[in-house]
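Structure first, then comments.
Numbers restart at 1 for each chain; the letters A, B, ... are given by sequence-line order, proteins then strands.
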Protein chains: 2
Amino acid sequence: MLDPVSRVRRFNRAVTSAVGALDTSFLGRGRPLGAARVLNAIGHSRADVGEIRDYLGLDSGLMSRLLRSLEDEGLIETTAHADDARRRIANLTPAGKREFNAYEAISNRQAKDFLSHHTQREALLAAMDLIASALGRDGTALTEMDPRSDEARYCLGEYYAELARRFKQGFDVKLSRDPDAKDMVRPRGSFIVAMSDGLPIGCVGLKGSSSEFAEIKRLWVAPAARGLGLGRRLMDAAENAACELGIAVLRLDTNSALAEAGQLYRRTGWSEIPRFNDDPYPDLFFEKHL
Amino acid sequence: MLDPVSRVRRFNRAVTSAVGALDTSFLGRGRPLGAARVLNAIGHSRADVGEIRDYLGLDSGLMSRLLRSLEDEGLIETTAHADDARRRIANLTPAGKREFNAYEAISNRQAKDFLSHHTQREALLAAMDLIASALGRDGTALTEMDPRSDEARYCLGEYYAELARRFKQGFDVKLSRDPDAKDMVRPRGSFIVAMSDGLPIGCVGLKGSSSEFAEIKRLWVAPAARGLGLGRRLMDAAENAACELGIAVLRLDTNSALAEAGQLYRRTGWSEIPRFNDDPYPDLFFEKHL
DNA sequence: GACGATATCTGACTAAAGTCAGACATATGC
DNA sequence: GCATATGTCTGACTTTAGTCAGATATCGTC
């Protein structure tokens with residue numbers, strides 16, 4: 001009666017009808033769902049027509065017609081791509097922006113309604129995060145970013161906050177050898193953020209130095225995305241970046257309080273080495289030859 | 001960037017695309033989605049044509065045509081309702097049952113696949129339960145059942161297991177004044193189970209007695225469904241049943257370890273009274289005049 | 001500058017979903 | 001028994017979604 005499969009299926013049924021309700025609420029603006037979806041994709045700053053087509057899984061003929069109908073309504077304008085005149089770029093007109101905002105308002109109000117009807121807000125949100133990460137796993141993109149970008153700084157903030165929670169003595173960034181952002185930018189190093197559907201859910205830094213090794217720093221995965229192999233993917237990406245930069249030896253330090261991290265390193269070919277710095281927080285040190 | 005509304009919306013997006021994938025996988029059997037949905041509804045023992053129409057939100061003309069096409073395929077048979085010949089009852093033929101099982105197999109395999117791809121199985125399942133309960137809240141039906149039914153016994157089993165976990169001294173049903181099932185069946189009393197999409201997720205018993213009061217017993221809500229007001233709905237239903245049975249005074253006993261329950265009683269018009277039995281487990285006693 | 005590849009568009013379809021008015025049989029209340 | 005309500009069915013639609021073959025323009029490359 002309560003086997004895992006029927007629990008998953010109960011969830012599927014609940015969610016199917018919820019999605020149906022969400023879809024029909026979009027019909028209120030007098031536009032078929034297909035056109036509304038395209039308008040929303042453009043509003044969410046997807047401009048390239050081909051990209052939208054892929055994202056929504058549409059046939060090119062259908063896509064073209066939907067674009068035309070939005071254009072006829074005066075909601076979008078299309079122009080040729082600057083570098084490649086075959087490709088088309090779609091943008092919202094002021095009227096289109098108003099219409100897009102109306103759809104946004106519907107979505108936001110529904111989300112707010114849903115939350116306001118339940119007392120277990122935080123638990124619900126955490127559950128939703130977890131499931132969204134699990135479902136969107138293949139949609140999680142690892143992208144190299146500047147460590148001073150908003151997304152990167154959000155990740156780092158969460159990372160520091162988590163260290164502060166998990167270390168008995170707390171954590172103060174200033175006491176740690178905070179890597180200079182420039183050391184985590186090409187050509188010296190790299191900083192990789194995992195983005196899931198617009199939200200940053202993980203990061204890792206590759207800190208180049210003038211010594212004979214580079215360091216892996218700031219590996220973090222959002223609690224909602226743990227257990228899905230994202231840490232490993234981030235580490236792989238960082239090691240790849242290191243290869244590209246011609247780095248032969250990687251080191252990292254960590255703390256035994258972060259048990260998952262230690263496990264990950266051991267399982268992916270890192271070997272423990274003696275302390276190689278005097279940072280007060282780490283008590284475990286690893287090295288890997290690429 | 002991480003406000004609650006955008007977290008809900010991220011979840012919605014993830015789930016929308018997952019549902020789309022699920023839907024298209026049903027197309028493989030050479031039948032349009034509408035017909036497949038009707039077949040599945042019938043297979044899940046929804047026989048009444050009107051009920052199916054409501055459940056799937058279909059127009060009566062469309063519904064009729066879908067039924068006809070399934071009938072032409074030899075998958076279902078329709079007969080008139082025994083009590084009301086205007087209504088029609090649909091049932092699967094042997095061929096229909098085979099076809100239905102094929103759809104079930106698709107759904108089951110997908111659910112199994114999903115689970116097998118993730119390491120955090122239990123956390124995922126718990127999150128899914130919570131969300132399914134939250135979404136399906138309006139779909140939760142409270143139905144009076146025999147306390148010896150499978151559903152009721154499942155609830156009671158979970159209830160006892162939870163007491164055993166939460167009481168320091170453990171819990172042994174035999175030491176408690178276990179109400180005779182007959183006391184929780186009309187006309188003496190009642191037993192109400194909350195069913196969400198086929199799964200029992202809560203219960204409450206109304207135990208009639210020969211004394212001047214009846215008792216509320218066995219109030220339980222599945223962990224995945226807590227915080228959604230189900231406890232209150234169950235209590236309301238039990239009090240309604242008591243009214244119908246002409247009961248004027250209700251009592252109940254509980255334990256201060258079950259803090260949520262105590263809060264609920266206080267907030268819904270119950271007043272604390274002195275101990276009225278010698279059961280070893282409860283230490284809090286309430287009464288309410290209807 | 002010719003050639004194949006690529007991106008989009010157009011026209012001519014089909015299939016599926018949904019709508020609406022009215023027909024028909026059956027139930028219910030007076 | 002009659003009027004009215006209810007549940008289903010039928011026919012005649014419309015709209016939406018999706019498919020496919022080719023037209024057109026542009027790009028990159030030799």
Side-chain angles (χ1 to χ4, degrees), chain A residues 16-17 19-42 46-73 76-91, chain B residues 16-17 19-42 46-73 76-91:
Chain A
T16 300
S17 69
V19 164
L22 209 141
D23 272 358
T24 52
S25 76
F26 269 30
L27 257 37
R29 308 233 93 227
R31 204 168 285 106
L33 222 54
R37 267 200 266 267
V38 172
L39 184 67
N40 277 302
I42 297 171
R46 276 176 214 272
D48 199 295
V49 168
E51 192 197 335
I52 300 173
R53 219 177 38 215
D54 280 358
Y55 176 68
L56 298 176
L58 298 175
D59 173 83
S60 78
L62 183 50
M63 177 72 194
S64 180
R65 256 176 280 274
L66 291 173
L67 280 178
R68 222 49 58 225
S69 82
L70 289 172
E71 221 166 18
D72 291 348
E73 277 194 90
I76 64 166
E77 283 170 341
T78 60
T79 53
H81 190 284
D83 298 339
D84 182 346
R86 290 170 304 181
R87 288 156 67 189
R88 307 234 88 201
I89 301 298
N91 278 300
Chain B
T16 301
S17 69
V19 164
L22 210 141
D23 272 359
T24 51
S25 76
F26 269 31
L27 256 38
R29 309 232 95 226
R31 203 168 286 107
L33 222 54
R37 267 200 268 266
V38 172
L39 184 68
N40 277 302
I42 298 172
R46 277 176 214 272
D48 200 293
V49 167
E51 191 198 335
I52 299 173
R53 221 178 37 215
D54 281 358
Y55 175 68
L56 298 176
L58 298 174
D59 172 84
S60 77
L62 183 50
M63 178 71 196
S64 180
R65 255 176 280 274
L66 291 173
L67 280 178
R68 220 52 55 227
S69 83
L70 290 172
E71 223 168 16
D72 291 349
E73 278 194 89
I76 63 166
E77 283 170 341
T78 60
T79 52
H81 190 285
D83 298 338
D84 181 346
R86 289 171 307 182
R87 289 157 66 191
R88 308 235 85 202
I89 301 298
N91 278 299

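- At whole-Å resolution of the value, CZ in B/Arg37 and C1' in C/dA17 are 10 Å apart.
- When each of A/Leu56, A/Ile52, A/Ile42, A/Leu66 is tested with A/Arg37 by the rule side chain to side chain contact (heavy atoms under 4.5 Å, CB included), just one qualifies, namely A/Leu56.
- Interatomic distance, B/Leu70 CG to B/Leu39 CG, rounded to the nearest 0.5 Å: 5.5 Å.
- Spacing between atom CD of A/Glu51 and atom P of C/dT8 amounts to 11 Å, rounded to whole angstrom units.
- For the pair A/Gly34 and A/Ala85, both in contact range of DNA chain D, the more 5′-proximal nearest nucleotide belongs to A/Gly34.
- At whole-Å resolution of the value, CG in A/Leu67 and P in C/dT8 are 9 Å apart.
- Residue pairs meeting the side chain to side chain donor-acceptor pair (under 3.5 Å) criterion with at least one member in residues 53-64 of chain B, sequence neighbours excluded, do not occur.
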Discussion item. Under the criterion side chain to side chain contact (heavy atoms under 4.5 Å, CB included), I'd like the reasoning laid out for B/Ile89 against B/Thr78: C-alpha separation, chi angles, the key distance, then a yes or no.
Written reply: CA-CA 5 Å; B/Ile89 301 298; B/Thr78 60; over 6 Å; no
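- Chain A approaches DNA chain D over the interval D/dT16 to D/dC27, counting the first and last nucleotide 5' to 3' with an atom under 4.0 Å from its heavy atoms.
- Atom-to-atom, CZ of A/Arg68 to C1' of C/dC9 comes out at 7 Å; the value is rounded to the nearest Å.
- As rounded to whole Å, 15 Å separates atom C1' of C/dG29 from atom CG of B/Asp84.
- Spacing between atom CZ of A/Arg86 and atom P of C/dC9 amounts to 14 Å, rounded to whole angstrom units.
- Here CD of B/Glu73 is found 13.0 Å from CZ of B/Arg68. Values are rounded to the nearest 0.5 Å.
- Heavy-atom distances under 4.0 Å link DNA chain C to A/Arg53, A/Ser60, A/Gly61 of residues 52-63 of chain A, given in residue order.
- To the nearest angstrom, P of C/dA16 lies 17 Å from CZ of B/Phe26.
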Practice problem: May I have the step-by-step check of side chain to side chain contact (heavy atoms under 4.5 Å, CB included) for B/Leu62 and B/Val38, ending in yes or no? | Solution: CA-CA 11 Å; B/Leu62 183 50; B/Val38 172; over 6 Å; no
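- Note on B/Arg65: a base of the nucleic acid sits closer than 4.0 angstrom, heavy atoms only.
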